[in-house]
Amino acid sequence: MNIKEVLAKKVSAAMVAAGLPEGTNPAISISNRPQFGDYQANGVMGAAKKLKTNPRELATKVVEQLALSKDLDGIADKIELAGPGFINIHLSQTWLASQLALMAQDTHCGVTQRCADHQGSLLEGKSQTVVVDYSAPNLAKEMHVGHLRSTIIGDAVVKALEFRGDKVIRQNHMGDWGTQFGMLIAHLSDKLAGDEVAETALADLENFYREAKVRFDNEEGFADRARADVVKLQSGDAQCAKLWQQFIDISIAHSEEIYSKLNVSLQRSDIMGESSYNPDLSKVIDELMASEIAVEDQGAKVVFIDEMANKDGEPSVFIVQKSGGGYLYATTDLSACRYRSGQLKADRIIIFTDARQSLHFKQVEIVARKAGFLPENVGYDHCPFGMMMGNDGKPFKTRTGGTIKLAELLDEAVVRASDLIKEKNPEINTEELNEIATKVGIGAVKFADLSKNRTSDYIFSWKSMLSFEGATAPYLQYAYSRIQSIFRKAAVEQVQSKIDIIEPQEKALALKLLQLEDVIDAVISECTPNLLCNYLYELASLYMSFYEACPILKDGIAVEVKESRLALCQLISQTLKQGLNILGIEVMERM
RNA sequence: GCACCAUUAGCUCAGCUGGAUAGAGCGUCGCCCUCCGGAGGCGAAGGCCGCAGGUUCGACUCCUGCAUGGUGCGCCA
């Protein structure tokens, strides 16, 4: 259920009845001040401007129509006109309570499902097939902090889409191809000849890469071998392919370890590495040449994109094949467009990479659409984000200037969380400590990142994410476990679904709980999980205020009030858990 | 040179398709532990929303110019 949509439908009807054109946006939004009601409709003012009429008079008519139609009877207590044409809507507490009761019986926290195969849920709309391309680490090296954002933002959006009922096809576009693999397999070949086992030799990928690079730069003959191996690999040499496969397998296992630590849902079957597109690349070029979208220029094959010309009319240049005949990531990404819309039947394609690739993906989209690889009705959203910076505002690096391995960063988060928990709770047993420290530490890292929307760079700070105060994962986890503690204490078997809204804190919570669908939809359409982070923080925060103001189990509380508040707690608890689950953050019964 | 992105409180960040008095957290300063878990709550101080114009009933939001920072731009991904 989406309050905003319910109101929009009713107000729209009244606007049409008042003589406004069909399809005028009612512009429903949440009121920012209690005296302006719970929601407000601001669309009349914009419409009045277009029609060059008096907004106040027009709004009066709309309000009259609303009263006449009785559309909002039972939903709103009061509808009033204010200022130049604001329509303020005060929702009925009885109606809110009835919606909460429905929510209590729903398996999806009251969020309507887009597909029909969810029993016991509200059904609505048609589900889409969405291809989501995220994480995509370079398999030549270990995952570092730069891969964190794509991985967790992508996974959160994926889970939000699935929660709403869309069909998601995950695509891990791993970097498993390219010239550096020649040097890596040449080095691996030597190691194996020296009786080493691949798993041991590749235990530390960073070291392995460094060693290979040193040999490539300094050792006589090695660079030539490496280059020869690339050619052999690309022409299908069995021996090279075997070495390459060994290397890839072990590197993938490294990534899977990280995914598991991060509670990210990517599986091996989601991998569609760059190498997968190899057989298709020459066809892509042939088609582009045949349709004259691409032309030969200075030995290379390029597309001149007039749509992206600069002020002087010079087109943007997009190289699709090198002068030596080699392919580039442009070629691969074009091929991926065709595969995803053609084979995977995507209605929408979402790609999460850092902002530096914005230009590239703009070019890919234009060329892919021109070439027919990407039909008009298929959405193509490149979702860029900024780099992770250190406390000094410069790229986040180790003291010596090296890249920070993701595995080490996550381990540190858990150690820091563990220290803090021990400090707060010295009696805790080791097993419980480990479980909580993992959930809290990883959750803190993820929430700190997910809660930021900026496409610009963001500053990574242990201090702010693991102080565990304010808008952090532990605050939300704490709110959740506090509710569980109440349930333990209350020792009730079954919480009722009837809720009476009495105190203002309860009303605020009711409204917030019923806004989940609206938030999920915004997360999906804009690919911005930070909206869900904000929502959950506000929900937890309202709960904390409620907890202080509205006693539940204390002496002297009437049974009906107690039961109503327990029911409210139940909804909050479910919503927090579900919301955090979408973000890939775990909750615990006690902490 | 050209293009893209950013600029909001001391710091880190929100701010939904233009809406009423721009919001949080941290930090600072008060108050609240005979408590249902204080990893908490309540309150205060703190802003020329980078600068200058424009569009309009109304601009942090849209347009133009400028400044600052970042990123990218024919053979890396």
Side-chain angles (χ1 to χ4, degrees), chain A residues 4 25 27-33 35-36 40 42-43 45-46 48-49 54-56 82-86 88 136 138 175 177-180 274 297-302 304 308 310-312 314 316-324 326 328-330 332-333 353-360 362-363 384 386-387 389 393 420-421 424-425 440 448 451-459 461 463-465 467-472 474-475 477-479 481-486 488-490 518-519 522 526 528 530-531 533-534 537-538 541 544-545 547-549 551-554 557 590-591:
Chain A
K4 220 187 243 185
N25 185 359
I28 307 288
S29 66
I30 298 168
S31 302
N32 52 5
R33 241 162 263 279
Q35 70 259 37
F36 301 145
Q40 54 183 223
N42 303 329
M45 292 175 286
K49 190 197 292 195
N54 183 311
R56 177 100 193 175
F86 297 103
N88 294 334
N138 178 358
W177 207 243
T179 45
Q180 75 266 55
E274 288 169 341
D297 190 80
Q298 297 173 29
K301 304 214 166 65
V302 308
F304 291 106
M308 292 177 65
N310 64 16
K311 277 190 287 194
D312 302 327
E314 295 163 353
S316 169
V317 178
F318 188 58
I319 302 181
V320 291
Q321 186 175 19
K322 296 196 270 189
S323 52
L328 302 101
Y329 77 139
T332 314
D333 282 327
T353 76
D354 66 281
R356 288 175 296 188
Q357 299 187 40
S358 294
L359 174 65
H360 165 73
K362 237 176 249 175
Q363 293 175 320
M387 282 192 295
M389 307 301 238
L420 235 115
I421 294 159
K424 306 239 180 211
N425 186 359
V440 166
S451 60
K452 287 168 186 75
N453 173 35
R454 291 299 175 86
T455 51
S456 63
D457 306 331
Y458 102 95
I459 294 182
S461 156
K463 194 169 166 291
S464 63
M465 78 177 70
S467 64
F468 298 159
E469 281 164 14
T472 60
Y475 178 91
Q477 291 165 323
Y478 175 68
S481 61
R482 219 173 178 185
I483 298 175
Q484 304 319 305
S485 162
I486 290 176
R488 275 196 300 275
K489 190 138 191 166
D518 196 13
V519 171
E526 305 302 312
T528 48
N530 73 304
L531 298 175
C533 294
N534 291 349
Y537 175 70
E538 284 161 7
S541 191
M544 296 289 192
S545 302
Y547 181 87
E548 300 283 331
I552 303 164
L553 303 178
K554 283 187 184 172
I557 300 300
R590 59 183 98 226
M591 64 189 285

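Lettering of chains follows the sequences in order, A, B, ..., and the numbering in each one begins at 1.
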Quiz prompt | From B/rG40, B/rG37, B/rG19, nucleotide with atom closest to A/M544 side chain | solution = B/rG40
Quiz prompt | Gap in Å between the two C1' atoms, one belonging to B/rA59 and one to B/rG41, rounded | solution = 36 Å
Quiz item: Would one find a side-chain N or O of A/S456 under 4.0 angstrom from OP1 or OP2 of B/rA6?
Solution: no
Quiz item: Is any N or O donor-acceptor pair between the side chain of A/K424 and the base of B/rG37 shorter than 3.5 Å?
Solution: no
Exercise. Ignoring hydrogens and angles, answer whether the base of B/rU21 and the side-chain atoms of A/Q35 contain a donor-acceptor pair closer than 3.5 Å.
Key: yes
Practice problem: Considering just the side-chain nitrogens and oxygens of A/S31, establish if one lies under 4.0 Å of OP1 or OP2 belonging to B/rA20. | Solution: no
Quiz item: Between A/Y475 and A/Y537, does a ring-ring contact (aromatic ring centres under 6.0 Å, His included) hold up when you go through it step by step?
Solution: CA-CA 8 Å; A/Y475 178 91; A/Y537 175 70; 5.2 Å; yes
Self-check item: A/F304, nearest nucleotide to its side chain (from B/rU12, B/rG37, B/rG74)
Solution: B/rG74
Self-check item: Side chain to side chain, A/K301 and A/K322, heavy atoms closer than 4.5 Å
Solution: no
Exercise. Determine, answering yes or no, if A/Y547 is stacked on B/rG40 under the 5.5 Å centre rule and the 30° plane rule.
Key: no
Self-check item: Pairwise P distance, B/rG15 and B/rA20 [rounded to whole Å]
Solution: 16 Å
Exercise. Scan A/S358 against the nucleic acid and name what it touches under 4.0 Å (heavy atoms): base, sugar-phosphate only, or nothing.
Key: nothing
Report each atom pair, protein N/O against N/O of nucleotides 23-32 of chain B, whose distance is under 3.5 angstrom.
unit_1	atom_1	unit_2	atom_2	d
B/rG23	OP1	A/R33	NH2	3.1

Exercise. May I ask you to test the A/R488-A/R590 pair for a side-chain heavy-atom distance under 4.5 Å?
Key: yes
Practice problem: Provide the distance between the two C1' atoms, one in B/rC62 and one in B/rU55, to the nearest whole Å. | Solution: 8 Å
Quiz prompt | Separation between the C1' atoms of B/rA22 and B/rG40, rounded to whole Å | solution = 27 Å
Exercise. Return the set of residues passing salt bridge (charged side-chain N to carboxylate O under 4.0 Å, His left out) with A/K4 (not counting sequence neighbours), or none when no residue passes.
Key: A/D518
Quiz item: What about A/Y478: does its side chain form a donor-acceptor pair under 3.5 Å with the base of B/rA39?
Solution: no
Quiz item: Any N or O donor-acceptor pair linking the side chain of A/D333 to the base of B/rA77 at under 3.5 Å?
Solution: no
Quiz prompt | side chain to side chain contact (heavy atoms under 4.5 Å, CB included) between A/F318 and A/H360, worked out | solution = CA-CA 8 Å; A/F318 188 58; A/H360 165 73; 4.0 Å; yes
Practice problem: Using the aromatic ring of A/F86 (for Trp, its six-membered ring), decide whether it stacks on the base of B/rA20 within the limits of 5.5 Å and 30°. | Solution: yes
Quiz item: With sequence neighbours left out, what residues match A/E538 under salt bridge (charged side-chain N to carboxylate O under 4.0 Å, His left out)?
Solution: A/K512
Self-check item: A/S451 or A/P474, whichever maps to the more 5' nucleotide of RNA chain B
Solution: A/S451
Exercise. Among B/rA39, B/rG15, B/rC36, find the nucleotide with the atom closest to the side chain of A/N530.
Key: B/rG15
Quiz item: Any side-chain heavy-atom pair from A/W177 and A/T332 closer than 4.5 angstrom?
Solution: no
Exercise. May I ask you to test the A/V317-A/Q363 pair for a side-chain heavy-atom distance under 4.5 Å?
Key: no
Quiz prompt | Of A/A330 and A/I486, the one whose closest RNA chain B nucleotide lies more 5' | solution = A/I486
Self-check item: Between B/rG27 and B/rC73 - P atom distance, rounded Å
Solution: 42 Å
Quiz item: Can you check whether A/Y475 has a side-chain N or O nearer than 4.0 Å to OP1 or OP2 of B/rG41?
Solution: yes
Self-check item: Minimum-distance nucleotide (side-chain atoms of A/K554 versus B/rG19, B/rU56, B/rC36)
Solution: B/rC36
Quiz item: Among B/rC36, B/rC13, B/rC73, which nucleotide sits nearest the side chain of A/L359?
Solution: B/rC73
Exercise. Please work out if A/I552 contacts a base, only the sugar-phosphate, or nothing of the nucleic acid, heavy-atom cut-off 4.0 Å.
Key: base
Self-check item: Out of B/rG37, B/rC5, B/rC36, whichever nucleotide has its closest atom nearest the side chain of A/T455
Solution: B/rC5
Quiz item: Touch check for A/K301, heavy atoms < 4.0 angstrom, all strands: base, sugar-phosphate only, or nothing?
Solution: nothing
Practice problem: Please measure how far the C1' atom in B/rC42 lies from the corresponding atom in B/rC33, and state the result in whole Å. | Solution: 14 Å
Quiz item: Do the side-chain N or O atoms of A/K322 get closer than 4.0 angstrom to the phosphate oxygens (OP1, OP2) of B/rC76?
Solution: yes
Quiz item: What integer distance in Å separates A/M389:CE from B/rC13:P?
Solution: 10 Å
Practice problem: Taking atom P in both B/rA39 and B/rU21, compute the distance separating them and give it to the nearest angstrom. | Solution: 40 Å
Quiz item: Are OP1 or OP2 of B/rC57 and a side-chain N or O of A/N54 less than 4.0 angstrom apart?
Solution: no
Self-check item: Which nucleotide in B/rC16, B/rC36, B/rA20 has an atom nearest any side-chain atom of A/P551
Solution: B/rC36
Quiz item: Distance between the P atoms of B/rC51 and B/rU7, in whole angstroms?
Solution: 13 Å
Quiz prompt | Side-chain heavy atoms of A/I552 within contact of A/I557, under 4.5 Å | solution = no
